[in-house]
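The structure appears below as structure tokens.
What you see is a predicted model; the values in this text were computed from it and never measured.
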Amino acid sequence: MGSAVVRLAARDRSLTAVVCFSVLLGLWNVSQYFPSAGYDGVEHMQYADGLIFGGQLPHYTGEYYTPPGYYTVAGVADWVARHLGVGEWHRAGMALNVVFLAATVIAVHRLARELWPVRPQRALLAAGFVALFPLAVKDEAMFHPETLSLCLTTIALLLCVRTFVNPRRAWALGLTLGLAQLVRAPALWAVAACVLALAVGRRFREAAIVVVVAGVIAAPWYIHQYGTYGGSPVFNRPTVQKPLLERRPAAFYVDPGVPAVVTAPYKRHFLNRLLPTTYAEAWGDYFGVWAWNGGGNGGHGTPGATARTEMVIQSLVGIVPTLLALAGWVFLLGETRRRPERLPIVLVPLFGVASYVLFTVSYPTPDGDVLKATYMLTAAGAWALGFATAFDRLHSRWRRGALTVLAVSAVAELPFLLY
């Protein structure tokens with residue numbers, strides 16, 4: 001009994017250390033990173049300012065197709081900071097993302113404990129994956145809604161798993177999924193995944209509750225979008241008038257970008273290539289919004305020697321966890337036949353990849369700007385569980401070596417994660 005208590009206390013301390021590290025890293029980056037430097041930073045800040053200070057949604061400008069959830073809470077934080085006399089008050093909205101990522105780390109840990117109560121090491125591995133995932137760390141420091149979408153989706157996955165045990169959780173699940181849809185469109189992946197999992201598990205009443213509650217909460221936004229702009233209420237943007245399969249060449253889908261994806265993982269290399277660009281942006285800084293200024297020289301900037309070295313290291317660092325996450329996803333897929341509560345963990349990444357590919361094909365751009373892995377950040381919590389599953393299933397003789405590689409990789413990537 002005494003040894004079990006000691007082990008439990010040690011695991012709690014380990015989680016606390018991971019969360020504290022995530023918070024300190026995030027706060028440092030928010031204090032150093034300029035608010036307009038992130039993905040479409042100016043447009044995101046204008047949305048929040050117009051909503052809170054002007055009392056209106058954007059119309060055919062900026063991020064008008066994005067729901068107002070994040071901009072509401074970030075705008076209120078900015079309003080408070082402005083009235084307190086904070087110099088760059090948009091950093092208040094950015095700082096909220098530090099809280100959202102910390103909440104995600106905790107939710108991933110609890111989700112793993114819920115799924116594998118006798119495998120506590122998986123929970124810590126999954127939490128560490130989210131806390132150190134470069135894409136999450138980058139987005140956390142930006143004035144951007146994706147971190148809140150990740151947080152709410154991960155909490156929804158946790159509530160979905162708990163709904164299989166306690167049906168009364170369905171109301172909280174529906175509420176969370178409804179709120180998530182008011183932040184980013186990718187939350188629809190989680191709605192579909194949770195409802196399908198409940199249906200497969202013959203929890204039809206709970207599935208109906210989730211659909212109704214989530215739908216009622218999100219309906220005003222979709223009605224507004226359809227009534228104002230027509231077309232798709234989810235993502236209403238003009239695109240090229242060309243059959244879908246003719247919008248991208250075959251190389252877009254299959255070109256791996258080797259070896260440049262490791263030796264030169266930045267803009268202008270493997271332009272408009274799905275796999276290498278997405279990988280380089282997930283683990284590095286392909287578009288130059290973090291480690292180097294990709295917008296310099298009229299959008300044709302070139303990273304300096306230090307930034308290039310950091311990005312090469314990041315590309316190398318990402319290989320092992322990426323392979324483990326993919327392998328873990330396959331393992332989890334095989335378990336869903338007997339354990340339907342694990343189905344949403346598998347479906348969220350699957351739906352995320354499918355919709356990302358559809359989006360990048362539907363909206364081709366000359367500079368490849370739509371190939372941002374951020375559009376799939378919402379699924380990072382589920383990928384973390386896949387990573388932890390695969391690592392934990394490694395043979396004992398391989399596990400120690402893999403742990404050493406990951407520890408060295410984590411140390412090597414710290415200069416990149418710190419802005």
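- At distances below 3.5 Å, not a single donor-acceptor pair connects side-chain atoms of Arg247 with backbone N or O atoms of Val361.
- Between Phe331 and Trp116, the distance from one ring center to the other does not fall under 6.0 angstrom.
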Steps toward side chain to side chain contact (heavy atoms under 4.5 Å, CB included) verdict (Leu385, Arg342): CA-CA 10 Å; Leu385 295 172; Arg342 300 181 184 180; over 6 Å; no
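- Using a 4.5 Å cut-off on side-chain heavy atoms (C-beta onward), Leu101 and Ser22 make contact.
- Proximity of a side-chain donor or acceptor of Asn272 to a complementary backbone N or O of Pro366 within less than 3.5 Å is detected.
- Ring planes of His90 and Phe143: perpendicular class, angle over 60° (limits at 30 and 60°).
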In residues 208-224, what donor-acceptor pairs under 3.5 Å come from side-chain atoms, sequence neighbours left out?
residue, atom, partner, partner atom, Å
Tyr222, OH, Gln181, OE1, 2.9

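- Partners of Ser355 according to the side chain to side chain donor-acceptor pair (under 3.5 Å) rule, which considers only residues two or more places apart in sequence or in another chain, are Trp189.
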Audit row: Trp283, Thr322, side chain to side chain contact (heavy atoms under 4.5 Å, CB included) steps and yes/no: CA-CA 10 Å; Trp283 289 99; Thr322 297; 3.0 Å; yes
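- A donor-acceptor pair under 3.5 Å is absent between the side-chain atoms of Tyr33 and the main chain of Trp290, judged by distance alone.
- Around atom OH of Tyr226, no more than 12 heavy atoms belonging to other residues, nucleotides or ligands sit under 6.0 Å away.
- For the side chain to side chain donor-acceptor pair (under 3.5 Å) test with Thr147, the passing option among Thr104, Thr378, Asp139, Thr374 is Asp139; the others fail.
- Contact check for Trp292 versus Thr302: no side-chain heavy atoms found under the 4.5 Å cut-off.
- Between Leu244 and Ser362 there is a side-chain heavy-atom pair separated by less than 4.5 Å.
- Of the N and O atoms on the side chains of Asp392 and Gln121, at least one donor lies less than 3.5 Å from an acceptor on the other residue.
- Atoms OG1 and OH, on Thr66 and Tyr47 in that order, are 6.5 Å from each other to the nearest 0.5 Å.
- Going from atom CG of Leu125 over to atom CZ of Phe387 covers 5.5 Å, rounded to the nearest 0.5 Å.
- In this structure, the separation between CG on Leu132 and CD on Glu413 is 5.5 Å, given to the nearest 0.5 Å.
- Of all non-hydrogen atoms in Asp285 and Ala291, the two that sit nearest each other are OD2-N, 2.6 Å.
- Looking only at distances, no side-chain donor or acceptor of Trp89 sits under 3.5 Å from a matching main-chain atom of Trp79.
- Closest approach of Phe164 and Ala197 over heavy atoms only: CZ-O, 3.4 Å.
- Counting heavy atoms from C-beta outward, Pro186 and Glu146 have side chains that approach closer than 4.5 Å.
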Derivation of the side chain to side chain contact (heavy atoms under 4.5 Å, CB included) call for Thr228 and Leu57: CA-CA 11 Å; Thr228 305; Leu57 293 166; over 6 Å; no
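- Looking at Arg168, its side chain never comes within 3.5 Å of a backbone N or O of Asn166 through a donor-acceptor pair.
- Here the CG-CD distance, from Leu150 to Glu140, works out to 10.5 Å after rounding to the nearest 0.5 Å.
- Closest approach of Phe270 and Tyr266 over heavy atoms only: CZ-N, 4.5 Å.
- For Trp171, the CH2 atom counts as loosely surrounded, since its 6.0 Å shell holds 12 or fewer non-hydrogen atoms of other residues, nucleotides or ligands.
- The six-membered or imidazole ring of Tyr60 lies near that of Tyr229, with a centre-to-centre distance under 6.0 Å.
- You'll find the side chain of Arg82 reaches within 4.5 Å of the side chain of Phe53, heavy atoms only.
- The main-chain N or O of Met142 is found under 3.5 Å from a side-chain atom of Asn97 such that the two form a donor-acceptor pair.
- Using modelled atom types and a 3.5 Å distance limit, the side chains of Tyr375 and Thr360 yield no donor-acceptor pair.
- Under the 3.5 Å distance criterion, the side-chain polar atoms of Arg184 are left unmatched by any main-chain donor or acceptor of Pro145.
- Judged purely by distance below 3.5 Å, without hydrogens or angles, the side chains of His44 and Tyr71 pair a donor atom with an acceptor atom.
- Side chains of Thr389 and Arg393 form a contact here, defined as non-hydrogen atoms less than 4.5 Å apart.
- A distance of 9.5 Å separates CG in Leu158 from OG1 in Thr154, rounded to the nearest 0.5 Å.
- Scanning all heavy atoms of the two residues, the minimum distance from Val261 to Ser315 falls at O-OG, 2.9 Å.
- Among all heavy-atom pairs drawn from Leu275 and Asp255, the shortest one is CB-O, 4.2 Å.
- Under the 3.5 Å distance criterion, the side-chain polar atoms of Lys138 are matched with a main-chain donor or acceptor of Gly284.
- For the pair Arg248/Pro364, a side-chain contact is recorded, criterion being any heavy-atom separation below 4.5 Å from C-beta on.
- With values rounded to the nearest 0.5 angstrom, Phe34 atom CZ is found 10.0 Å from Tyr419 atom OH.
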Leu371 and Tyr356: CA distance, side-chain angles, deciding distance, side chain to side chain contact (heavy atoms under 4.5 Å, CB included) verdict: CA-CA 9 Å; Leu371 290 169; Tyr356 174 70; 3.7 Å; yes
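- Phe235 and Tyr363 have their aromatic ring centers within a separation under 6.0 angstrom.
- The closest side-chain heavy-atom distance from Leu157 to Val161 is not below 4.5 Å.
- Closest non-hydrogen pair, Val108 versus Gly381, comes out as CG2-CA, 3.8 Å.
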